[in-house]
Amino acid sequence: MTDIDEARAAMAEIRATEQRLAQRMEWPFWRHLAVGLAMGVLMIGQTLEGGASAFVSLGVLLFALWLKNHDKKRHGMFVNGWSRGPTLWVSSVLLVAAVAACLYVNIGMAEPQREQPEFWVLLAAVIAGATAASYLWQVVYQRELRGNAQ
């Protein structure tokens, strides 16, 4: 066997592994909804006074760590949304939209924010949008893996 044959065999094995990974990379709906709800809770936290807002943010951070550990235990891995490649734009749009919504609630909306109808419309849009973005991230990631596997 030549070095070229060995390299081809190694590349074929990598492609097969990526194909298997693409098939495994499918989370249940509740996992995508958890992302949306976490973003919604962060937005609600912006309406709270004093230390309560920081407490809510800390709670969301702890929830994210719990999700990471849950994914590792259940799936044997955790996929970070901040990887280079085609998925980065999805993560970036989600982050910018969530920060913009939180800033708008905190700075641009009349107080008390939770008494404003637009707050509840924006909250529903953030939850739905973040849930959809999480699902879109999965689809783009699977497509990336399958594209590399061909």
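The environment of CD1 in Ile4 is sparse: at most 12 heavy-atom neighbours from other residues, nucleotides or ligands sit within 6.0 Å.
Under the 6.0 Å cut-off for aromatic ring centres, His70 and Trp30 qualify, their centroids lying closer than that.
Nearest heavy atoms, Val35 versus Ser134: CG2-OG, 3.8 Å. Shown here for Glu144 and Thr87, the closest heavy-atom pair between the two residues is OE1-CG2, 4.1 Å.
When only modelled atom types and interatomic distance are considered, Glu118 and Tyr104 share a side-chain donor-acceptor pair under 3.5 Å.
Linking Ile, Leu, Val, Met, Phe, Trp and Tyr whenever their side-chain heavy atoms come within less than 4.5 Å leaves Val90 and Leu67 in two separate clusters. When the side chains of ILVMFWY residues are joined at heavy-atom separations under 4.5 Å, either directly or via intervening members, Trp89 and Tyr141 end up in a single hydrophobic cluster. Both Leu123 and Val56 are assigned to one and the same hydrophobic cluster, defined by single-linkage of ILVMFWY side chains at heavy-atom distances under 4.5 Å. Note on Phe119: it clusters hydrophobically with Val41, by side-chain heavy-atom contacts below 4.5 Å among ILVMFWY residues. Note: the hydrophobic cluster containing Met109 also contains Met39 (ILVMFWY, side chain heavy atoms under 4.5 Å, direct or indirect links).
Arg31 is listed as a side-chain neighbour of Asp71, based on a closest heavy-atom distance under 4.5 Å.
How far OH of Tyr135 is from CZ of Phe29: 10.5 Å, rounded to the nearest 0.5 Å. Separating the OG1 atom in Thr131 from the CG atom in Leu136 is a distance of 12.5 Å, to the nearest 0.5 Å.
A donor-acceptor distance shorter than 3.5 angstrom exists from the side chain of Ser57 to the backbone of Ser53, with no hydrogens or angles considered. Here the side chain of Ser92 pairs a donor or acceptor atom with the backbone of Leu88 at under 3.5 angstrom. Not one N or O on the side chain of Gln46 forms a donor-acceptor pair closer than 3.5 Å with the backbone of Asn106. The closest donor-acceptor contact from the side chain of Trp120 to the backbone of Arg114 lies under 3.5 Å.
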